[in-house]
Protein chains: 2
Amino acid sequence: MKEGPDIAYIASLIGDPARANILTALMSGKALTASELAQEAGVTLQTASSHLSKLDAGGLLRPRKQGRHKYFSLASDDVAHVLEGLMGLAAGAGHVRKRTGPKDARLRKARVCYNHLAGDMGTHMFDSLVSQGYLRLEADDLVLSETGTQFVLDFGIDLDALTQARAPLCRECLDWSERRSHLGGSLGRAFLTRFENMSWIKRDKETRVISFTRTGQQAFHTMFPLEEM
Amino acid sequence: MKEGPDIAYIASLIGDPARANILTALMSGKALTASELAQEAGVTLQTASSHLSKLDAGGLLRPRKQGRHKYFSLASDDVAHVLEGLMGLAAGAGHVRKRTGPKDARLRKARVCYNHLAGDMGTHMFDSLVSQGYLRLEADDLVLSETGTQFVLDFGIDLDALTQARAPLCRECLDWSERRSHLGGSLGRAFLTRFENMSWIKRDKETRVISFTRTGQQAFHTMFPLEEM
DNA sequence: TTCATAGTTCGATCATAGTCGAAGCATAAG
DNA sequence: CTTATGCTTCGACTATGATCGAACTATGAA
């Protein structure tokens, strides 16, 4: 009847509350088991299993068997990107599920977006990288400059390993709370794990909230300065 | 139960086939009446009316009464952006509604994305603007350089009128066919209407297809050159 | 005024799909 | 082996919501 991709099929997958809960939970970037996701979605294991197979069929998930557990994560950054976009629309329509509480404020401050840093701290880092000339927009891609490459290496990130992978190194990601870009892609992921290894941050077990340690916060701002305007 | 915006609500709105058809039709950027959208969606006027009020309640549409007609258009670029993202996921999942025919090829070549130029020609124009130094990524925004400003004025676009409006002037937009950026925002819109006024292009009445006239195609490539690599 | 067209509202019908209990596999532990 | 745990499949129940006919409202034309 109509031309173009079947958008309703994908949207209807996301449109079920239980499945939306599952996807939201996976926005933490962690791989979760079917049981955990069932609990997260507030349904029994049977229904969760049904949902998960449908999401998988739609190409939204990447399942991995491990022993008698089955782990699920989001299929790609693209999926996370669309989910963030939907969150933006939902927030704009005034449809937030929960009244904004203290947890919500922490969520705006810093949170995990699939596998990289989002929220206020995320956009701050992105802006700093750009203003220092480490990141540049070239044609359609975000590229790392020479000084930027050096910066990343000095920071203790194994850049060679990243560039050999197929996934894009740098990627812009727009988030719903800030409405500004932050750094995604494999480099964004590498930064986040590096922060974690250096104990700059702690990830909340239950939610997507990221909390900075005191020393982490200080170190962050010296490494990623931003002149006020 | 969960934190964050109610993503399922918005997604379920898009997830109905009839509503998805409506939204896809509105991706042409034109404002359409309820009757036209009913026909487009393949349902009666009554059901279309019901769908339209729901989409409106969800903040996805911008309705305008005009006489005894009621025109609908997408509420914002953000909505169009999410829809394009969903198309990307659907295309990736191999779920295209129609087998790729000749019309589909034309769709990839040049089409309307909400109100600006997308497809091959769209990314071409974007790349050209960037490589000529007319557009730059600064912090998180796409900005027009000084030479770029001059270029736009020379092109016959009333830049003052655009900058006075509240909508963002420049905006990156990623499309599903090319997986690359093209220019959105009010400037993107202005370019498209200018092309139309100069008879460079013709918009198909039924679909989102844009066809370039022969002279338009030539003029386009001289104005937006791109050195091969 | 009368008629026609555009759109909304109401009500009834009907199908899709979300839900869970129960049973069935598969893997790991004792 | 037996037992326990994680997950899938089957089947039945149920509710949500899409659909359209019919009646109603509103704007425009004659």
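The basis for the numbers below is simple: all heavy atoms, side chains too, and nothing from hydrogens, waters or symmetry mates. For clarity, every value in this text was computed on a predicted model and none was experimentally measured. Reminder, nothing fancy here: chain letters follow the sequence lines and each chain counts from 1.
- Note on ring orientation: taking the six-membered ring where Trp is involved, the planes of A/Phe212 and A/Phe195 are tilted (angle from 30° to 60°).
- The interatomic distance linking B/Asp16 (CG) with C/dA15 (P) rounds to 17 Å, in whole Å.
- Side-chain atoms of B/Gln46 and base atoms of D/dG21 include a donor and an acceptor less than 3.5 Å apart.
- Separating the CG atom of A/Leu52 from the P atom of D/dC7 is a distance of 9 Å, rounded to the nearest angstrom.
- In this structure, B/His51 reaches the D/dT19 phosphate: one of its side-chain N or O atoms is under 4.0 Å from OP1 or OP2.
- Within 4.0 Å (heavy atoms only), A/Ala48 reaches no atom of the nucleic acid at all.
- Each of C/dT19, D/dG6, D/dT19 was ranked by its minimum atom distance to the side chain of A/Ser35; first place goes to D/dG6.
- Between the CG atom of A/Leu13 and the P atom of C/dA17 there is a distance of 10 Å, given to the nearest Å.
- Using a 4.0 Å heavy-atom criterion, one finds that A/Lys54 contacts the sugar-phosphate atoms exclusively.
- Distance, A/Leu55 CG to C/dG18 C1': 13 Å, rounded to whole Å.
- Considering only side-chain atoms of A/Arg68, the nucleotide from C/dG18, C/dT27, C/dA4 that sits closest is C/dT27.
- The separation between B/Gln39 atom CD and D/dC20 atom P is 13 Å, rounded to whole Å.
- Taking every side-chain heavy atom of A/Lys70 into account, D/dT8 is the closest of C/dT8, C/dT19, D/dT8.
- In this structure, the NE2 atom of B/His69 is 12 Å from the P atom of C/dT5, given to the nearest Å.
- Nearest-nucleotide mapping onto DNA chain C: of A/Ser12 and B/Glu36, the residue sitting toward the 5' end is B/Glu36.
- When distances are taken from the side chain of B/Val43 to each of C/dG7, D/dC20, C/dT19, the shortest belongs to D/dC20.
- Within 4.0 Å (heavy atoms only), A/Ser53 reaches no atom of the nucleic acid at all.
- Ion pair B/Glu84/B/Arg111 flagged as a salt bridge, since at least one NZ, NE, NH1 or NH2 atom sits closer than 4.0 Å to an Asp/Glu carboxylate oxygen.
- Side-chain nitrogen and oxygen atoms of B/Thr47 include none within less than 4.0 Å of the OP1 or OP2 phosphate oxygen of D/dA18.
- Scanning both residues, A/Thr24 and A/Met87, for their nearest heavy atoms gives CG2-CE, 4.2 Å.
- The A/Ser50 side chain lies nearest to C/dT19 when the options are C/dA6, C/dT19, D/dT19.
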Stepwise side chain to side chain contact (heavy atoms under 4.5 Å, CB included) check, A/Ile14 with A/Leu60: CA-CA 9 Å; A/Ile14 311 176; A/Leu60 299 183; 4.2 Å; yes

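- Between the CG atom of A/Asn21 and the P atom of C/dG18 there is a distance of 14 Å, rounded to whole Å.
- As rounded to whole Å, 16 Å separates atom C1' of D/dT5 from atom NZ of A/Lys65.
- With distances taken from any side-chain atom of B/Leu45 to the nucleotides C/dG7, D/dC7, D/dC20, the minimum falls on C/dG7.
- Of the candidates A/Ile22, A/Asp56, A/Leu61, A/Ile22 is the only one forming a side-chain contact (heavy atoms from CB on, under 4.5 Å) with A/His51.
- Counting heavy atoms of neighbouring residues, nucleotides and ligands inside a 6.0 Å radius, atom CZ of A/Arg203 exceeds 12 of them.
- Distance from the side chain of B/Ser49 is smallest to C/dT9 among C/dG18, D/dC7, C/dT9.
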